[in-house]
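In what follows, residues are counted from 1 in the order of the sequence shown.
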Amino acid sequence: MNLEALCAAVQKGTDYSRRFTRREYTVAFREYTERFGPLYMEAVRETAEDPEGRQTLAEQIVDALEAGWKRQRPWNRTMAQANDKQMLVTYLSPMLMGLEEPLCQELAERMRDLWNVRRPKDTYGITTFAKLQDGFRSVILGIDITDWRRRREEERDS
């Protein structure tokens, strides 16, 4: 297990964060999963025999993220933490929830629980890629046309 590579999925995600838009998220998520999915599946498979190993893996990852914040200048720490949280919510957790290895889902849940215990005022939840993708709205001049667009696409498909 390469802890540095696992943490890079969160800490070096600014390119992916910028692509969290209605038009680019699907492609960015696919690229993210292709790049980091195998690393996480390998790390989780190494802990398959030991349930405490997954807890330890979650603790190691969260500890490494916190160590990364401490290496930042004091005025950059909050932003680094916010960026990492955004990557956890929008890319890493949905990826782990979607991987075929069920132990990956458990890792996502353990990381969320550990984060939420350590930061009770800054908690986050996990969800799937499909739910996040459905959350994007189509808006023109502030008018939500999401339902209109879906009805139009359904009529075309019929």
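- The two residues Leu39 and Ala5 come nearest to each other via the heavy atoms CD1-CB, 4.0 Å.
- Rounded to the nearest 0.5 Å, atoms NZ (Lys131) and CD1 (Ile126) are 12.0 Å apart.
- Hydrophobic clustering, with ILVMFWY side chains joined whenever heavy atoms are under 4.5 angstrom apart, keeps Met87 apart from Met79.
- Side-chain contact between Thr26 and Phe129 is present, with at least one heavy-atom pair separated by less than 4.5 Å.
- Between the CZ atom of Arg22 and the CD atom of Gln133 there is a distance of 9.5 Å, given to the nearest 0.5 Å.
- Here the shortest heavy-atom pairing between Met97 and Thr127 reads CG-O, 4.0 Å.
- Pairing each heavy atom of Gln72 with each of Ala80, the nearest pair is CG-CB, 4.0 Å.
- For Tyr91 (side chain) and Ala28 (main-chain N/O), no donor-acceptor pair under 3.5 Å exists by modelled atom type.
- With a 4.5 Å cut-off on side-chain heavy atoms, Thr33 and Met95 count as touching.
- Side-chain contact between Asn83 and Ser17: absent, with no pair of heavy atoms (C-beta onward) separated by less than 4.5 Å.
- Seen from the ring of Trp75, Arg73 does not count as a face-on cation partner, given the 6.0 Å and 45° thresholds.
- The shortest heavy-atom contact between Asp122 and Lys85 is OD1-NZ, 2.5 Å.
- Here the closest heavy-atom approach between residue Asp84 and residue Trp69 is recorded as OD2-NE1, 2.6 Å.
- Linking ILVMFWY side-chain heavy atoms closer than 4.5 Å, directly or via other members, places Trp115 and Leu92 in a single hydrophobic cluster.
- Note on Phe36 and Tyr25: same hydrophobic cluster, where clusters join Ile, Leu, Val, Met, Phe, Trp and Tyr whose side-chain heavy atoms are under 4.5 Å apart, directly or indirectly.
- Salt-bridge annotation for Arg110 and Glu106: present, with a side-chain N of the basic residue lying under 4.0 Å from a carboxylate O of the acidic one.
- Remark: of the listed residues Tyr40, Tyr16, Phe20, Tyr16 is the sole one forming a ring pair (Phe, Tyr, Trp, His ring centres under 6.0 Å) with Tyr32.
- For the pair Arg45/Leu103, no side-chain contact is recorded, criterion being any heavy-atom separation below 4.5 Å from C-beta on.
- In this structure, Tyr124 and Gln86 have side chains that are not in contact, with every pair of non-hydrogen atoms separated by 4.5 Å or more.
- Here Ile61 contributes atom CD1 and Gln11 contributes atom CD; the two are 10.5 Å apart, rounded to the nearest 0.5 Å.
- The distance from the CE atom of Met111 to the CG atom of Leu65 is 6.5 Å, given to the nearest 0.5 Å.
- Inter-residue side-chain proximity for Gln60 and Leu57 is flagged as met; some heavy-atom pair is nearer than 4.5 Å.
- With hydrophobic clusters built from ILVMFWY side chains whose heavy atoms lie under 4.5 angstrom apart, Leu6 shares a cluster with Leu96.
- Scanning both residues, Cys7 and Ala64, for their nearest heavy atoms gives SG-CB, 3.3 Å.
- Residue Arg19 holds its CZ atom at 12.0 Å from OG1 of Thr90, rounded to the nearest 0.5 Å.
- Between Glu100 atom CD and Gln105 atom CD the span is 10.5 Å, to the nearest 0.5 Å.
- In the hydrophobic cluster analysis, where Ile, Leu, Val, Met, Phe, Trp and Tyr join through side-chain heavy atoms closer than 4.5 angstrom, Leu88 is grouped together with Leu3.
- Side-chain atoms of Gln81 and Arg77, non-hydrogen and from C-beta on, never get closer than 4.5 Å to each other.
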